[in-house]
Amino acid sequence: MKESATQFIKQITHPIKGKLFLLLKLPSAFFSGVRIQSITEERCVVTVPYKWFSQNPFRSTYFACLAMAAEMTTGVLGLMQITGRKPAVSMLVVNIEGSFFKKATDVTSFVCDDGKQMEHLVDEAIATGEAKSMKAKSIGRNKAGEIVAEFYITWSFKVKS
């Protein structure tokens, strides 16, 4: 594992520094209860609870909170890959697609397993100097293991000029 990835994981999973990052950089995720449960170079798991702050009028988790958790699984993996890179690399969401299969009425756990693919794409963006994009997949399941939602978030990676 790269030293920068190790340091990133250590920072983002730190009980205080991780929450402070959410509060300062993603306050809506912080107040909605979105939390990183685990992260490796390959995989990120993020949860979103069903609670007053994340609910909709239909007694389920608001779709935007589900999308936020799904995006975070992919975004954290991408952020890990660009942290400490020379030259510096920027990342941006360029598209999002979502499908909903079941009401989210308890904790929903989103998983993205595209970390290695992102690493290779960032390497390629640096090597070629061209913007590269990929569609990352995040699947949300309830406590029973049933699929609640599935998102595809397209990220663009580009060397900063």
Side-chain angles (χ1 to χ4, degrees), residues 1-49 53-54 61-99 107-141 147-161:
M1 185 181 294
K2 292 180 183 174
E3 181 62 29
S4 59
T6 303
Q7 287 300 321
F8 179 85
I9 291 170
K10 197 174 190 179
Q11 295 285 326
I12 204 80
T13 58
H14 188 275
I16 296 169
K17 292 177 184 176
K19 286 181 181 160
L20 190 58
F21 171 80
L22 281 178
L23 179 62
L24 296 175
K25 301 295 182 184
L26 299 164
S28 55
F30 177 83
F31 289 113
S32 296
V34 175
R35 298 292 183 266
I36 298 169
Q37 295 303 310
S38 65
I39 182 172
T40 66
E41 276 191 294
E42 299 86 23
R43 169 184 265 216
C44 184
V45 179
V46 171
T47 58
V48 60
F53 208 86
S54 64
T61 305
Y62 183 48
F63 83 94
C65 292
L66 295 171
M68 199 171 5
E71 187 271 343
M72 189 180 291
T73 62
T74 64
V76 167
L77 289 172
L79 192 56
M80 176 175 54
Q81 293 306 326
I82 68 169
T83 299
R85 292 287 189 131
K86 302 288 185 217
V89 177
S90 64
M91 59 186 280
L92 180 68
V93 171
V94 294
N95 192 36
I96 185 166
E97 303 166 41
S99 298
V107 174
T108 305
S109 297
F110 282 89
V111 178
C112 177
D113 291 314
D114 295 336
K116 282 296 185 186
Q117 185 181 349
M118 282 189 186
E119 179 181 12
H120 297 304
L121 197 71
V122 171
D123 289 342
E124 191 177 325
I126 291 171
T128 65
E130 298 174 7
K132 299 292 177 182
S133 61
M134 71 165 282
K135 188 185 281 193
K137 181 179 182 178
S138 185
I139 298 175
R141 297 179 188 274
I147 295 177
V148 171
E150 182 177 86
F151 286 87
Y152 291 93
I153 295 95
T154 305
W155 286 97
S156 175
F157 297 94
K158 182 180 176 188
V159 173
K160 291 183 180 179
S161 47

Distance in Å, [X] [atom1] paired with [Y] [atom2], rounded so as to fall on 0.5 Å steps:
X      : Y      : atom1 : atom2 : answer
Glu42  : Gln117 : CD    : CD    : 13.0 Å
Phe53  : Thr61  : CZ    : OG1   : 13.5 Å
Ser4   : Ile9   : OG    : CD1   : 9.5 Å
Thr6   : Glu3   : OG1   : CD    : 5.5 Å
Ser133 : Phe157 : OG    : CZ    : 9.5 Å
Lys137 : Asp113 : NZ    : CG    : 9.5 Å

Original post:
Picking from Val45, Val148, Val48, what satisfies side-chain contact (heavy atoms from CB on, under 4.5 Å) with Phe110?
Top reply: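 So, applying the side-chain contact (heavy atoms from CB on, under 4.5 Å) to Phe110 and each of Val45, Val148, Val48, only Val48 qualifies.
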Subject >> Passing option when Glu124 is tested against Met134, Lys132, Glu119 for side-chain contact (heavy atoms from CB on, under 4.5 Å) >> reply: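 By the side-chain contact (heavy atoms from CB on, under 4.5 Å) criterion, Glu124 pairs with just one of Met134, Lys132, Glu119: Lys132.
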What's the shortest heavy-atom distance between [X] and [Y], and which atoms?
X     : Y      : result
Ile96 : Ala67  : CD1-CB, 4.4 Å
Ala70 : Phe151 : CB-CD1, 3.4 Å
Leu77 : Gly115 : CD1-N, 3.8 Å

Original post:
More than 12 foreign heavy atoms under 6.0 Å from NZ of Lys19: is that the case here?
Top reply: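 Result for NZ/Lys19: open.
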Original post:
Side chains of Leu79 and Ile82: does their closest heavy-atom pair fall under 4.5 Å?
Top reply: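 In short, these two side chains touch, coming nearer than 4.5 Å.
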Subject >> Any side-chain heavy-atom pair of Thr74 and Met118 under 4.5 Å >> reply: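 The answer is yes, as the side chains (C-beta and beyond) meet within the 4.5 Å cut-off.
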**OP:** Could you walk me through whether Gln81 and Met91 pass the side chain to side chain contact (heavy atoms under 4.5 Å, CB included) test, one step at a time?
**Re:** CA-CA 10 Å; Gln81 293 306 326; Met91 59 186 280; over 6 Å; no
Subject >> salt_bridge(Asp123, Arg85) N-O dist < 4.0 Å >> reply: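 Yes, this pair counts.
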What side-chain donor-acceptor pairs closer than 3.5 Å can you find for residues 21-39, not counting sequence neighbours?
residue : atom : partner : partner atom : Å
Ser32   : OG   : Ser28   : O            : 2.8
Arg35   : NH1  : Phe30   : O            : 3.1
Arg35   : NH2  : Phe30   : O            : 3.3
Gln37   : NE2  : Thr47   : OG1          : 3.0

**OP:** With sequence neighbours excluded, tell me which residues meet side-chain contact (heavy atoms from CB on, under 4.5 Å) with Lys10.
**Re:**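 Testing Lys10 for side-chain contact (heavy atoms from CB on, under 4.5 Å), a comparison that skips the adjacent residues, returns Gln7.
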**OP:** Examine distances only and state if a side-chain atom of Ser54 and a backbone atom of Pro49 form a donor-acceptor pair shorter than 3.5 Å.
**Re:**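 Indeed, once roles are kept as given, a pair shorter than 3.5 Å links the two residues.
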Original post:
Going through the distances and angles, do Glu71 and Trp155 end up as a side chain to side chain contact (heavy atoms under 4.5 Å, CB included)?
Top reply: CA-CA 10 Å; Glu71 187 271 343; Trp155 286 97; 3.1 Å; yes
